[in-house]
Number of protein chains: 2
Amino acid sequence: MTTIKDVAQLARVSVSTVSRVINQNGYVERDTYNRVVAAMETLNYKPNAVARGLVIRKTATLGLIVPDVANPFFSDVARGVEDEAIENGYTVILCNTDWQVTREDMYIQLLRGRWVEGAIIVGNRAAPEFLMHQLEDVPFILVDSRPNQIVNAVWSNNLVGGRMATQHLIDNGCYRIVHISGPEGSPSALARREGFYQAVLSARNVQVSVVSGDFRFDGGYQAAVDLLKCRPHPNGIFAANDMMAIAVIQAANEMGIRIPEDVMLVGYDDITMARCVYPSLTTVAQPAYDMGRTASKLLITQLKHGVSDLQHVEFKPELKLRKSTERMS
Amino acid sequence: MTTIKDVAQLARVSVSTVSRVINQNGYVERDTYNRVVAAMETLNYKPNAVARGLVIRKTATLGLIVPDVANPFFSDVARGVEDEAIENGYTVILCNTDWQVTREDMYIQLLRGRWVEGAIIVGNRAAPEFLMHQLEDVPFILVDSRPNQIVNAVWSNNLVGGRMATQHLIDNGCYRIVHISGPEGSPSALARREGFYQAVLSARNVQVSVVSGDFRFDGGYQAAVDLLKCRPHPNGIFAANDMMAIAVIQAANEMGIRIPEDVMLVGYDDITMARCVYPSLTTVAQPAYDMGRTASKLLITQLKHGVSDLQHVEFKPELKLRKSTERMS
DNA sequence: TTGTACGCGTTATCAG
DNA sequence: CTGATAACGCGTACAA
């Protein structure tokens with residue numbers, strides 16, 4: 001391990017001089033500068049970010065809390081976050097909560113201890129007030145969360161999205177509609193469900209029900225099998241995300257139930273695969289990568305230029321029409 | 001910001017005593033212990049991991065370098081890595097290289113500076129010798145890399161996998177076979193391609209060619225369109241990963257080319273979606289999550305119990321037969 | 001233009 | 001059982 005001291009010794013200067021050339025501040029003569037640079041080279045010296053962080057009280061790291069990176073939506077968000085971060089010299093710590101508030105909380109404590117400069121919290125379960133309290137003075141931004149007026153957030157309107165999806169089923173003549181919802185406590189899942197209720201409430205002659213899923217393939221598959229076993233089975237399904245919708249397709253295929261003839265299906269997220277499954281999946285699109293990137297950018301801007309006004313960026317959900325809701329006749 | 005000093009003051013003890021109760025080492029009387037705990041509670045004190053890291057020279061963080069977390073294979077690996085890490089008190093820093101060695105190198109430098117205790121490098125481009133030099137004394141493990149005898153690694157045999165995939169096409173009567181390869185420099189892509197060559201070499205009367213892809217949907221799509229425009233177009237395609245294979249399906253569908261009737265298709269990875277696309281995708285499976293988890297565990301074991309022997313874990317690739325290579329007649 | 005000395009928040013080594 | 005005190009590696013007044 002080579003330290004600034006070793007460099008100083010080799011270059012026959014003091015540590016402060018070395019520090020000056022590293023940070024490009026203060027005056028240092030051309031000659032000494034070169035000696036120092038040479039010394040750093042030969043020693044293959046890398047400044048120690050830990051020690052440095054301790055004194056300047058900045059770590060140049062961000063915490064990223066997502067429910068599950070293995071979920072395509074969140075992994076896209078994560079990629080956006082990291083891309084923006086690294087371009088600005090920040091590093092990101094990855095945390096998976098599986099939608100458990102206890103894990104969310106655990107990670108927040110951990111990140112605080114690690115002195116992250118800011119946090120990006122995706123699909124959070126905990127209330128914003130609670131988060132503010134837990135994070136204390138570390139700035140953070142919510143992604144894919146419930147809208148609120150008190151903390152920074154980038155989101156897309158899941159209420160409207162859920163309504164659009166459901167309305168689309170109604171418009172296509174579905175009258176036994178079920179919603180496979182996301183995990184309890186996922187704000188976006190909640191909003192989508194609310195949108196579902198709003199849409200069916202203003203419709204007439206539709207039977208509706210909601211079963212709970214977990215945003216994962218397996219959970220969606222189970223729900224779908226149970227659902228499609230019923231007689232009569234639903235003729236319209238709105239799955240709270242694409243993973244579960246695709247699971248529905250899988251289950252339907254195996255059970256010999258045709259989509260869209262026997263049951264129409266709408267998903268949410270518009271992950272890459274949505275257009276490649278069979279039948280291709282009608283879904284509500286959200287720009288995952290951009291959402292992550294935007295959140296990261298907003299947070300970093302705040303970190304660099306001091307506290308700013310409350311930032312709210314809203315992306316519009318967009319219904320992508322595909323085969324899974326195409327009327328046949 | 002509250003420090004150990006504040007706690008000490010409030011509890012009317014010295015910082016060393018507070019340190020003792022935090023780290024559960026040394027003797028401390030029941031009474032003082034309680035006072036200290038109480039003080040920590042009321043001040044909402046969190047030990048500072050940065051300062052702590054500086055003195056004990058450990059940061060309890062791992063670096064995770066992947067080509068692209070947005071790729072389902074790598075995001076599964078990432079999830080496995082993080083799960084094992086957090087259970088052992090480690091935190092992980094996420095890095096995306098897009099298969100660029102310069103970025104790989106950049107991140108390694110960065111991680112070294114951050115004093116990560118170990119690194120997990122997935123799908124690395126750089127040579128192991130180079131990595132050893134760059135990482136110096138920070139232990140690391142390779143995932144999904146080219147087999148070698150000098151560094152720790154967990155991998156699945158991509159050579160065999162590639163051969164299996166290709167042989168399967170040959171066995172099904174394909175005689176104009178093309179391989180859409182992964183990005184140049186991806187070790188797994190290279191090995192799969194080699195497996196492809198081995199298989200076709202021992203076959204007779206097959207025309208073969210290789211076009212280069214990038215492991216991404218868009219690249220695969222482009223390649224597929226170009227390929228399927230040819231007359232006569234190939235009647236067997238082995239795509240180096242599922243994302244590209246699914247892109248092939250998409251392109252074929254759009255061009256009115258039937259799979260498997262007109263062209264058979266094999267992918268690689270067996271991502272969740274592989275069974276849900278239409279036609280369902282024959283592919284070579286690798287246990288992404290387990291690979292990540294195993295790598296993480298091996299690395300951590302080494303970190304905890306000191307340097308150990310060279311570790312090589314090999315997972316067996318497994319051909320999953322599905323519709324995309326089903327003979328029709 | 002350069003060097004000295006102190007402090008960042010913690011742990012660890014000693015005395016007591 | 002407890003308390004000073006010296007590190008850890010680096011940035012930065014302040015002095016020279």
[X], nearest nucleotide to its side chain (from [options]):
X: B:Thr32; options: C:dG3, D:dT2, C:dA12; value: D:dT2
X: B:Arg52; options: D:dG9, D:dT2, C:dT10; value: C:dT10
X: B:Ala51; options: C:dG9, D:dC1, C:dT13; value: C:dG9
X: A:Ser16; options: C:dT11, C:dT4, C:dT1; value: C:dT4
X: B:Arg20; options: C:dA12, C:dC14, D:dC10; value: C:dC14
X: B:Val55; options: D:dG9, C:dG3, C:dT11; value: C:dT11
X: A:Ser19; options: D:dC1, D:dG11, C:dT11; value: D:dG11

### Minimum side-chain heavy-atom gap B:Thr91-A:Tyr107 below 4.5 Å
no
### Message
For A:Trp99, is there any backbone N or O sitting under 3.5 Å from a side-chain donor or acceptor partner on A:Arg125?
### Response
yes
### Task
Would you indicate what A:Tyr45 reaches in the nucleic acid, counting non-hydrogen atoms under 4.0 angstrom: base, sugar-phosphate, or nothing?
sugar-phosphate
### Query
Any donor-acceptor pair under 3.5 Å between the side chain of A:Arg57 and the base of C:dG9?
no
### Task
Indicate the atoms forming the closest heavy-atom contact of A:Val151 with A:Pro128, along with that distance.
CG2-CB, 4.2 Å
### Task
State whether B:Asn23 places a side-chain N or O below 4.0 Å from either non-bridging phosphate oxygen (OP1 or OP2) of C:dT11.
yes
#### Entry: Over 12 foreign heavy atoms within 6.0 Å of CG, B:Asn25
yes
